[in-house]
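Please read through the structure below; I'll follow up with questions.
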Amino acid sequence: MSNQKPEDFFKNIISHSKEYGFIFQSSEIYDGLSAVYDYGQLGAELKKNIRDYWWKAMVQLNENIVGIDAAIFMHPTTWKASGHVDAFNDPLIDNKDSKKRYRADVLIEEHVAKLEDKINKEVEKASKRFENFDAVMFKSTNARVKEYQEKIDAINLRFKTALNDNNLSEVKQLIIDLEIVCPISGSRNWTDVRQFNLMFSTSMGSVSEEGNTIYLRPETAQGIFVNYLNVQKTGRMKIPFGIAQTGKAFRNEIVARQFIFRMREFEQMEMQFFVRPGTEMQWYEHWKQARLNWHLSLGLGADKYRFHDHLKLAHYANAASDIEHQFPFGFKELEGIHSRTDFDLKQHEEFSGKKLQYFDPELNQSYVPYVVETSVGLDRLFLAVLSSALKEEALENGDTRSVLSLPAALAPYKAAIFPLVKKDGLPELAESIMSNLKFDFMLAYDEKDTVGKRYRRQDAIGTPFCITVDHQSLEDKTVTIRNRDTMHQERVPIEQLHTILTEKTSVQSLLKTL
RNA sequence: GCGAAAGUAGCUCAAUUGGUAGAGCUCCAGCCUUCCAAGCUGGAGGUUGCGGGUUCGAGACCCGUCUUUCGCUCCA
């Protein structure tokens, strides 16, 4: 690990990513686009390898899990059913003095709660005074209580009307009229109320027509839910079974930060596991452990992971946990495992009018399955791998080298092939080795500069092995193979290279550790 | 979105009070070279993020804007 400050280390990761072609800022020549990044030539390889490893671990190794690829565009009603149209819409307001941001609806609700508190105190006081106290009667007759209640009702009505009309200036006016102050600064110096819809929208068909607004999906899960019955029936799937998918999702984040950790366009890898109601907790525990094991198999260090169980649950969940990873800026969510109950399928039943039930032959009855979800951010995983792998290593001779200790199966190049010198027929032999191996392995070839320099170049991009052709190779058909992490070299017959690389760098070898 | 800091070559950074934009590394071509960023020769690469302003003159000062990092906030 590096002895740099975390902040500097993080900056180093960003510049390393750019310098070697892993990640570029989107549209950089136009000053970039905020919180959007492109994967370069090496980044695309690394990302693809991570995605492949996940896909194989989920789909190929589990007979009861299949993969789909749903469209980004979905019928708009999907997002009404999922709750995103309503729940993803928060009216926000800032206090100009304390610089704090609040949800306008929360401020108003808190104000209402204070009034309710006053009512309760009145009731409490009265109950001590009178015997045979009737709270309901008291509330409906006491003048002070009635006054409070009328205020509450008026506020709620006004607030509800304003929200339904999407009248944000009325919401602000309400806050001003109620003389709500900022709890920090105590001032009433508020900004306008703004609505942040976290879903991107566009139009389908001719632009001017109304009612054709469609959204870019804010999560990939709904593509699975709406297809669940198609897959179950055509795939003859029996509960418990899973549907996996990788793909892009889009969120118009208010603040998107920390490089590729929180982007507006990002890729999810997720699996929805459909189970018999009542068994969801045991599957929830199963997938928590299975997913953690998958992360641990990458060998980035067991101490870099931890669970974070949610105490406050989303509206759809009855249990939720994050697998957190230690990024350079601290432990942050990498993957979520949620027990989503039958919320989503029930919602789609209601909004579509279609039955989404499964007939369970063992129980001889139909039901809407419960769902356990595992959802990883591919870009976050990429960042986790990259930041754990990048090291500035001090060498015995006093030099330092920049080495990317990627898991071999994920590395963009599995090996680099060098002729020791650019003459004497060594390049020709190196190229012939390359042309035999290139069908099975991503390989780099380099004959420029001294061999030491070439080793360092490959270290910096995470190539696990360097194969060097020297003069002895011409005589006895052997080459040296050099290990990225240990820098040790071994002389092996050329004909064994294929076997060695397969054993050490294939996804299969990683899958077998699961 | 608010606040702070920053933006100069692919990367890391210089540039005295406002006075002709430089270095190291990288990259390219060549020479030399029998294993860990060697050496030599030559070369490429910049409207100093962008747009205005002040000034005889701006990389530097002022305004706006974009982007990044950090803090707050947000992240079902």
Side-chain angles (χ1 to χ4, degrees), chain A residues 5-8 10-21 24-37 40 82-84 86-90 92-103 184 191-194 196 198 218-219 221 251-259 261-262 264 266 310 312-317 320 322 328-329 332-333 336 338 340 343 377 395-397 399-403 418-424 426 448-460 466-474 479-484 487-489 491:
Chain A
K5 283 188 296 184
E7 197 178 317
D8 293 338
F10 189 42
K11 283 185 177 163
N12 190 25
I13 289 166
I14 296 169
S15 60
H16 194 92
S17 295
K18 182 180 181 190
E19 179 153 20
Y20 291 96
F24 307 120
Q25 194 176 12
S26 164
S27 333
E28 196 188 4
I29 61 167
Y30 293 107
D31 291 331
L33 185 62
S34 178
V36 184
Y37 291 89
S82 69
H84 285 86
D86 296 328
F88 247 159
N89 262 315
D90 297 333
L92 299 177
I93 190 167
D94 290 2
N95 182 273
K96 288 178 185 168
D97 297 317
S98 66
K99 312 294 183 195
K100 295 285 176 186
R101 163 169 298 169
Y102 302 92
R103 279 176 54 173
I184 306 286
T191 64
D192 287 341
V193 176
R194 290 170 308 257
F196 292 92
L198 289 189
E219 65 173 25
R251 287 184 196 175
N252 194 11
E253 300 278 0
I254 303 162
V255 172
R257 285 272 182 77
Q258 287 164 323
F259 198 36
F261 183 80
R262 181 170 291 116
R264 297 212 160 89
F266 59 101
H310 291 207
K312 202 176 127 199
L313 295 172
H315 56 87
Y316 56 71
D322 294 337
F329 40 83
K332 298 278 181 179
E333 178 183 355
H338 297 167
R340 291 182 78 129
F343 176 85
L395 300 179
E396 285 172 9
N397 64 7
D399 280 356
T400 57
R401 67 165 183 157
S402 189
V403 55
F418 307 145
L420 184 59
V421 290
K422 200 168 30 173
K423 59 182 184 185
D424 305 334
L426 298 185
K448 173 79 185 161
D449 299 315
T450 62
V451 73
K453 204 164 188 173
R454 286 177 266 165
Y455 286 145
R456 299 296 175 83
R457 274 204 281 263
Q458 296 301 322
D459 288 342
C466 290
I467 295 160
T468 303
V469 174
D470 57 17
H471 291 93
Q472 189 181 332
S473 306
L474 298 172
V479 291
T480 62
I481 181 163
R482 177 242 191 209
N483 183 298
R484 173 195 64 202
M487 296 170 69
H488 287 317
Q489 283 178 288
R491 185 164 280 278

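Chain letters run A, B, ... following the sequence lines, proteins first, then strands; residues in each count from 1. This structure is a prediction, so every number in the text was calculated from the model and none was measured.
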*Can you list the residues that meet the side chain to side chain contact (heavy atoms under 4.5 Å, CB included) rule with V421(A), with sequence neighbours excluded?*
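With sequence neighbours excluded, V421(A) shows a side chain to side chain contact (heavy atoms under 4.5 Å, CB included) to K423(A), D424(A), L426(A), H471(A), given in chain and number order.
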*For F343(A), which residues count as a ring-ring contact (aromatic ring centres under 6.0 Å, His included) partner, sequence neighbours excluded?*
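F343(A): ring-ring contact (aromatic ring centres under 6.0 Å, His included) contacts with H315(A).
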*Does K423(A) put a side-chain nitrogen or oxygen below 4.0 Å from OP1 or OP2 of U33(B)?*
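Answer is yes, contact under 4.0 Å.
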*Among all residues two or more places apart in sequence or in another chain, which pass the side chain to side chain contact (heavy atoms under 4.5 Å, CB included) test with S26(A)?*
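Residues passing side chain to side chain contact (heavy atoms under 4.5 Å, CB included) with S26(A): L33(A), V36(A), D38(A).
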*asked:* Which nucleotide wins on minimum distance to the side chain of E219(A), given the candidates C35(B), A76(B), U33(B)?
replied: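 Nearest to the side chain of E219(A) among the choices is A76(B).
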*Using the test side chain to side chain contact (heavy atoms under 4.5 Å, CB included), find all partners of S82(A) that sit at least two apart in sequence or belong to another chain.*
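S82(A) satisfies side chain to side chain contact (heavy atoms under 4.5 Å, CB included) with W79(A), H84(A), Q222(A) once adjacent residues are dropped.
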*asked:* Protein within reach of the bases, or only the backbone? For nucleotides 21-29 of chain B, mark each nucleotide 5' to 3' as B, S or -, using heavy atoms under 4.0 Å.
replied: -----SS--
*With sequence neighbours excluded, what pairs up with R457(A) under the side chain to side chain donor-acceptor pair (under 3.5 Å) test?*
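With sequence neighbours excluded, R457(A) shows a side chain to side chain donor-acceptor pair (under 3.5 Å) to D446(A), D449(A), given in chain and number order.
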*asked:* Does S15(A) contact C11(B) through a side-chain donor or acceptor facing the base, at a distance under 3.5 Å?
replied: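 Absent.
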Detail all sub-3.5 Å separations between protein N/O atoms and N/O atoms belonging to nucleotides 47-51 of chain B.
{"unit_1": "G49(B)", "atom_1": "O2'", "unit_2": "D31(A)", "atom_2": "OD1", "d": "3.1"}
{"unit_1": "G49(B)", "atom_1": "N2", "unit_2": "D31(A)", "atom_2": "OD2", "d": "3.4"}

*Describe the nucleic acid contact of Q258(A) in one word from base, sugar-phosphate, nothing, applying a heavy-atom distance below 4.0 Å.*
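Sugar-phosphate only.
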*With sequence neighbours left out, write down each residue that passes ring-ring contact (aromatic ring centres under 6.0 Å, His included) with F261(A), or none if nothing qualifies.*
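Here the qualifying residues are F327(A), F329(A).
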_Check the phosphate of U34(B) against Q472(A), side-chain N and O only, distance under 4.0 Å to OP1 or OP2. Yes or no?_
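Checking Q472(A) against U34(B): no side-chain N or O falls below 4.0 Å of OP1 or OP2.
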*How would you list, by chain and number, every residue that makes a salt bridge (Lys or Arg N to Asp or Glu O under 4.0 Å) with R482(A), sequence neighbours excluded?*
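In terms of salt bridge (Lys or Arg N to Asp or Glu O under 4.0 Å), with neighbours along the sequence ignored, R482(A) is linked to D459(A).
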*Can you figure out which of U69(B), C74(B), U67(B) approaches the side chain of R262(A) most closely?*
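Nucleotide nearest to R262(A)'s side chain: C74(B).
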